[in-house]
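For the numbers below, each heavy atom of this structure counts, side chains included, while hydrogens, waters and symmetry mates do not.
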Amino acid sequence: MILQSLTKYGEELRRQGKLDAEGWCGAKTSYALTIDGQGRLRNIMNLQKEEMRGKKKALVPVIEKVPAQKARSSNISPNFMCDNAKYLLGAWKETERAQDNEKAEKNARQCFAAAAQLHLELLNGMEDSYAKSICRFFQTWDFAEKKEEITVDLEGLLAAANLVFRSFETGEMMLESSGICDAWEAYYRQSLQGEEGFCLVTGKHAPVARLHMLIKGLRGAQSSGASLVSFNAPAFESYGKTQGENAPVSEYAVSAYGNALNYLLSHREHYRIMGDTTVLFWAENAEDAYADLMGLMFDDIEESMEIKLLEVMDQIVKGRKCRYEETELESETGFCILGLSPNAARISVRFFYKDTFGNLVRNINAHYRRLEIVSPSFEKKQYPSIGNILYETVNKNATKKQAQPALVGALMRAVLQDTRYPAAVYSHLLIRIRADKNISRNRNRAAMIKAYLIKNYPLQKEVVDSMELNEQTENAPYVLGRIFAVLEQAQDAVNPDLKATIRDRYFNAACTTPAAVFPRLMRLKNHHMRVLAREKKGLQISLEKQLGDLFGKLHEELPRRLSLEEQGVFMIGYYHQTQKRFGNHEEKIRKGQEKQV
């Protein structure tokens, strides 16, 4: 299913001219070796460009159309006209240990010799001037003798992405030569004439790929690329078949799906990072507007963009035609979402989901509706993103502030398929709340707890399914959460600068074993009320009235223990009551400012 979808996407990209033809690929390129007609190295040109990465500018390689690159691990296997400094220059870095130096030099010389053999095999004897220059370069270049001619930092050159050839006389990239391109395509077609088999992706008889293309650009994976499909040990092989013969996929399909994946990973609008998982998404018709819109649904976007996004989503949910970025969106357009994570030299698939774009938007919209909850005044956006929610499960004191990989896949599947939320996400949120006692002003946590209770515990929907305070319900955990918020308000009014409040000392116990804690809290309340009666009589009367009304809603004894489900309801009651308190305070400030004006 995954390879078929990627292959179809690759075919559509080629049809629209967004992806190179078979035998070619887009590769990250950092430098160009400028050589003259005699094959002498005259200069090394930096091709990298500046881009904003977060808040800083960084030099990043450019994407160049180059001959299809081979999958390699530790074996020596050169690429044509585009490779790293070890293959095209025979370069190595000297170290203090003579033994390491000798080993590095030997390996670099072998790589250069293999690259020279490939280029001379394809280009020697051609009349093309660029081909002659390249042949002379490989016949005369020796890194040990001519390394002084390298004008850039050698360490940076060795660490960089690919190098290509450029003409000193004309300034053109030598790959633009039609003669060199024809030589490569003839060589590539000949290399495909291997053993044929039934392709499991296309369903046709065609030359079978022994090794699959390396996928480059996946965050956390090896910079040289990682394999999505590979057989690297006899334990994974059957009936004497080796490598790709165990699951035959044609060279055509490998090229199509591999280039499609590399295309997605090289275009920021087609992926987002969540924890260690890279989430890729694409429309089957290869229209970028669909991916841009889906990216906004996953992103932590600005308020103005969120308003625009919600308007488009509302039109799609209602079945109306709408336009986005000059593209008319069709609800029935197929859409795919793929989650990938690095795993040594291979790639792990976290999840894959395929449906119509309209269904996906409706499912995400349903998730948004469950998240609706009153927010503190500093929250400008209406909904937290999936990434925001996952971040709330992370220990903020941890060195690696990433959500657990299993949580990313589980939450994404629940949202995209509109199924029950994973219990692990809920339990991690409760753990973090118990650890830092932060929920009264944390909209993201409260919203996800509310959504979880509505979806997974329908009996609680009537209690928590409201944006603001539910003053009618007599649900005991919800009412107890409200009582705790009022008790906290009383303490704060008496001791506003207190470092350790009842929330710090008693919140965890109050939401798990209320019968053991609330009697003590009521004794503290009596002390606070006596102080308020002397200093803030009006507030004391108001709080006493609120507490009287709330205790009147409890028709049974205080619960000895609350379940995980009931603890979530307690927290929502506490959150709602706290927002009511701060909302009233902010409203008074606003009215006071208006009077002054």
From the options Lys400, Arg350, Lys401, select the one residue that forms a salt bridge (charged side-chain N to carboxylate O under 4.0 Å, His left out) with Asp276.
Arg350

Any salt bridge linking Asp549 with Lys545? Criterion: basic side-chain nitrogen under 4.0 Å from a carboxylate oxygen.
yes

So, applying side-chain contact (heavy atoms from CB on, under 4.5 Å) with Gln48, which one of Val62, Leu59, Thr29 is it?
Leu59

Leu480 and Pro559, any side-chain heavy atoms less than 4.5 Å apart:
yes

Looking at every non-hydrogen atom in both residues, tell me the closest pair between Tyr271 and Leu265 and how far apart they are.
CE2-O, 3.5 Å

Close aromatic pair by centroid cut-off 6.0 Å: Tyr421 and His367:
yes

Cation-pi check for Tyr506 against Arg503: NZ or CZ below 6.0 Å from the six-membered ring centre and within 45 degrees of the axis, yes or no?
no

For the atom pair CD1 (Ile541) and CD (Glu544), what is the distance rounded to the nearest 0.5 Å?
9.5 Å

Counting N and O atoms only, with roles assigned by atom type, does the side chain of Arg272 sit under 3.5 Å from a partner on the main chain of Val279, one being a donor and the other an acceptor?
no

I want to check something: taking the side chain as every heavy atom from C-beta on, are Lys381 and Asn388 in contact at a cut-off of under 4.5 Å?
yes

More than 12 heavy atoms of other groups within 6.0 Å of Glu557 CD
no

Search all heavy atoms of Pro519 against all heavy atoms of Leu558 and return the closest pair with its distance.
CD-CD1, 4.4 Å

With side chains defined as the heavy atoms from C-beta onward, is the minimum distance between Leu3 and Leu228 less than 4.5 Å?
yes

At what distance, to the nearest 0.5 angstrom, does CE of Met529 lie from CG of Leu487?
7.5 Å

State whether the number of non-hydrogen atoms from other residues, nucleotides or ligands found under 6.0 Å of Arg505 atom CZ is greater than 12.
no

Taking the basic N atoms (NZ, or NE/NH1/NH2) and the acidic carboxylate oxygens, is any pair closer than 4.0 Å for Glu372 and Arg369?
yes

Give me the one residue out of Tyr257, Trp282, Phe281 that meets ring pair (Phe, Tyr, Trp, His ring centres under 6.0 Å) with Tyr9.
Trp282

Can you tell me which residue among His576, Gln577, Glu566, Gln460 is in a side-chain contact (heavy atoms from CB on, under 4.5 Å) with Tyr478?
His576

Flag for Thr278-Arg219: side-chain donor and acceptor within less than 3.5 Å:
no

Test: Glu303 and Lys380 ion pair at under 4.0 Å:
no

Heavy-atom closest contact (Gly10 atom, Leu19 atom, distance)
O-CD2, 3.8 Å

May I ask you to check whether Arg434 and Gln567 show a side-chain donor-acceptor distance below 3.5 Å?
yes

Pairs where residues 446-471 contributes a residue and the test salt bridge (charged side-chain N to carboxylate O under 4.0 Å, His left out) is met, not counting sequence neighbours
Asp418-Lys455, Lys450-Asp465

Are side-chain heavy atoms of Phe335 and Asp355 found at a separation under 4.5 Å?
no

Does atom CZ of Arg323 have more than 12 heavy-atom neighbours, drawn from other residues, nucleotides or ligands, at distances under 6.0 Å?
yes

Write down the atom of Cys511, the atom of Leu562, and the distance for their closest heavy-atom approach.
O-CD1, 3.4 Å

Can you tell me if CZ on Arg560 sees more than 12 non-hydrogen neighbours from other groups inside 6.0 Å?
no

Do Lys499 and Asp504 meet the salt-bridge criterion of a basic N to acidic O distance under 4.0 Å?
no

Measure the spacing between OG of Ser542 and NZ of Lys536 and express it to the nearest 0.5 Å.
12.5 Å

Would you indicate whether the side-chain heavy atoms of Val415 and Met297 approach each other to under 4.5 Å?
no

What heavy-atom pair brings Ser30 and Asn46 nearest, and what distance separates the two atoms?
O-OD1, 3.4 Å

Once the angle between the rings of His270 and Tyr263 is folded into 0 to 90°, is it parallel (under 30°), tilted (30 to 60°) or perpendicular (over 60°)?
tilted

Any side-chain heavy-atom pair from Tyr426 and Leu453 closer than 4.5 angstrom?
yes

Does Glu302 CD have over 12 foreign heavy atoms under 6.0 Å away?
no

Just wondering, are more than 12 heavy atoms of other shown residues or ligands nearer than 6.0 Å to NZ in Lys8?
no

Checking side-chain polar atoms at under 3.5 Å, does Glu311 have a donor or acceptor matched by the opposite partner on Gln315?
no

Between Lys354 and Glu284, does any side-chain N to carboxylate O distance fall below 4.0 Å?
yes

With a 4.5 Å limit on heavy-atom distance, are the side chains of Asn475 and Asn470 in contact?
no

Do Arg523 and Asn526 pair up side chain to side chain, a donor and an acceptor below 3.5 Å, judged on atom types alone?
no

Note: Lys49 and Glu51 closest approach over all heavy atoms is CE-OE2, 3.4 Å

How many angstroms lie between CD1 in Ile301 and CG in Leu296, if you round to the nearest 0.5 Å?
5.0 Å

Rounded distance (nearest 0.5 Å) linking atom CG of Asn438 with atom CZ of Arg445
5.0 Å

State the CD1-CE distance between Ile386 and Met274, to the nearest 0.5 angstrom.
5.0 Å

Can you find a pair of side-chain heavy atoms, one from Leu264 and one from Leu338, that are under 4.5 Å apart?
no

